[in-house]
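Single-structure report; data block below.
Just so you know, these numbers come straight off a predicted model, no measurement behind them. Note: hydrogens, waters and symmetry copies are ignored here, and every other heavy atom, side chains too, is used.
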2 protein chains.
Amino acid sequence: MAEREVDRSVSQTVKAQLALRDQILSGVLRPGERISELQAVETTGASRTPVRMALVRLEEEGLLEAIPSGGFMVKAFSERDISDSIELRGTLEGLAARFAAERGVSARELEPLKECLAAIDGLLRQVPISVDAFSSYVALNARFHALLTELSRSPPLIRQIDRASALPFASPSGFVMAQSALPEAQQILIIGQEHHRVVIDAIENREGARAEAIMREHARLAVRNLRLALRNRTHLGLLPALALIKTATD
Amino acid sequence: MAEREVDRSVSQTVKAQLALRDQILSGVLRPGERISELQAVETTGASRTPVRMALVRLEEEGLLEAIPSGGFMVKAFSERDISDSIELRGTLEGLAARFAAERGVSARELEPLKECLAAIDGLLRQVPISVDAFSSYVALNARFHALLTELSRSPPLIRQIDRASALPFASPSGFVMAQSALPEAQQILIIGQEHHRVVIDAIENREGARAEAIMREHARLAVRNLRLALRNRTHLGLLPALALIKTATD
DNA sequence: ATCTTTCACTCTGTATACACATCTCGGCGC
DNA sequence: GCGCCGAGATGTGTATACAGAGTGAAAGAT
């Protein structure tokens, strides 16, 4: 129906935020580069006030850094920053899994998780996995992690996990994509799926410690694989926000 | 020297943010109450633009919540939100302690921590502890936690811990104050100090798992004590941001 | 030739004006 | 009497104008 409706229904602030985030993640704005409000006004089409609001939000999100003398610059991340972010998110998800297990979850609440699991099982039956199936996998995996997080029923924890996932390389989709760059990608996906199965089982049986441990192992595996993937950057076409990684020459 | 210098050197945005935070934490603005920008402009003395920036920052900080129809309201927290926030921070600090232990810390870096420890030891020798000594304790305890966090040398983790401490009841000072409301406060402080001693020992000996475990236990103890303290609210004069806790009548 | 100083420009921080949406209150109709 | 509709007011979202600070370049002096 109305095609251009979004242009009016979405606020200028959100529009500017999305546009700037795209520019950062796509590498148009390089790490360390100062962001000019005026230039942002031109490229986003919004005015200075919404642009400023967007800049503040992106700073809180972790993509920008405030410059003491004023203004913002694109943040640069080291490889260790990235692996730490993944491990951090794994630790938080571990806590979420433990909360879910200790506080108890009804069969009805667990249903969507099991559906996710079954759907992923179906996808992984393909060897090797097709490109389409892989992108379905990425979406389903993100959904699984989001559902698991919500099982904790802890708004502060959910909020914190969302924050920890804001950085693209730390999000479930992000590190799955990074792992997929490896030759043994298929095997990695299968192991990850096994982790998912175990965490659900642990939550069902109310084994908090086991649920937590498996999620942390899940993240540690991702960190190991990411390190491997970063060794041969030629395979990293799929890694989002590679532009954010500061190189040795910087 | 220059006393009024701050009024000009501090930006209007920061001034507004501090003023609004004070109003929220002191209970002038009640949980669930909508914040009027116009009213905020009057009470803070800043103009609308910096006030809006401050509101966005306070939302990201977790003290405010965006209203779908526009504007912001003061966020309300349940008792579980609070205990979850503390446990969350403990988990994060546990990770920081593990990072510190695994990555190794020089004797020179550990020095400030040990000074903190010794200073607190001196304070705790008083039985019962005086009011002045207690507020020194609160400051030293906060410093100890901040130093420990930095030992992780992980900017993403440090950032996340800072965020988790933004809510006053989740900060080190906050929950120490809450615990102090209990009759067995002195004993609690001594146990906490013992935890501090153990974590330093674990980091020195590069025992990551032990360092992490003790910090999590440290937080769990705080949660238990906070639950006790909340049972008899009459003792809670020192608990900051009690105004943020939503009551059963809400 | 190099260093220093000054001038000008650009950018951010702040203030304010304008437009539109939302909510409320009063009046009118059923 | 109750409900609905409209007008007004309040308040947010947005745009823009202005001031001050910081930066860079250019010119002059040593």
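- Note: A/His196 and A/His218 have perpendicular aromatic rings, judged against thresholds of 30 and 60 degrees for the angle between ring planes.
- An OP1 or OP2 oxygen of C/dT14 is reached within less than 4.0 angstrom by a side-chain nitrogen or oxygen of B/Thr13.
- The nearest whole Å value for the distance from the CZ atom in A/Phe72 to the P atom in C/dG13 is 7 Å.
- Taking only side-chain nitrogens and oxygens, A/Arg52 comes nearer than 4.0 Å to OP1 or OP2 of C/dG13.
- In this structure, A/Ser47 reaches the D/dA15 phosphate: one of its side-chain N or O atoms is under 4.0 Å from OP1 or OP2.
- Straight-line distance from the CG atom of B/Leu38 to the P atom of C/dC18: 16 Å, rounded to whole Å.
- Between the CZ atom of B/Arg48 and the C1' atom of D/dA17 there is a distance of 16 Å, given to the nearest Å.
- Of the inter-residue distances, the one linking A/Arg34 atom CZ with A/Leu64 atom CG reads 12.5 Å to the nearest 0.5 angstrom.
- Atom-to-atom, CG of A/Leu55 to P of D/dT14 comes out at 14 Å; the value is rounded to the nearest Å.
- Comparing B/Ser36 and B/Thr49, the nucleotide of DNA chain D nearest to each residue sits closer to the 5' end for B/Ser36.
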For B/Ser78 and B/Asp81: C-alpha separation, side-chain torsions, deciding distance, then whether side-chain hydrogen bond (donor to acceptor under 3.5 Å, both in side chains) applies.
CA-CA 5 Å; B/Ser78 68; B/Asp81 287 340; 3.3 Å; yes
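- Nucleic acid contact for B/Ile35: sugar-phosphate only, since backbone atoms but no base atoms lie under 4.0 Å from a heavy atom of the residue.
- Taking atom NZ of residue B/Lys15 and atom C1' of nucleotide C/dT14, one finds them 11 Å apart after rounding to whole Å.
- D/dT10 atom P lies 14 Å from atom CD of B/Gln39, rounded to whole Å.
- Separating the CD1 atom of B/Ile67 from the P atom of C/dC23 is a distance of 10 Å, rounded to the nearest angstrom.
- One distance of note links CD1 of A/Ile158 with OG of A/Ser152; it measures 4.5 Å at 0.5 Å rounding.
- When rounded to the nearest whole Å, the span between CD of A/Glu37 and P of C/dT14 equals 11 Å.
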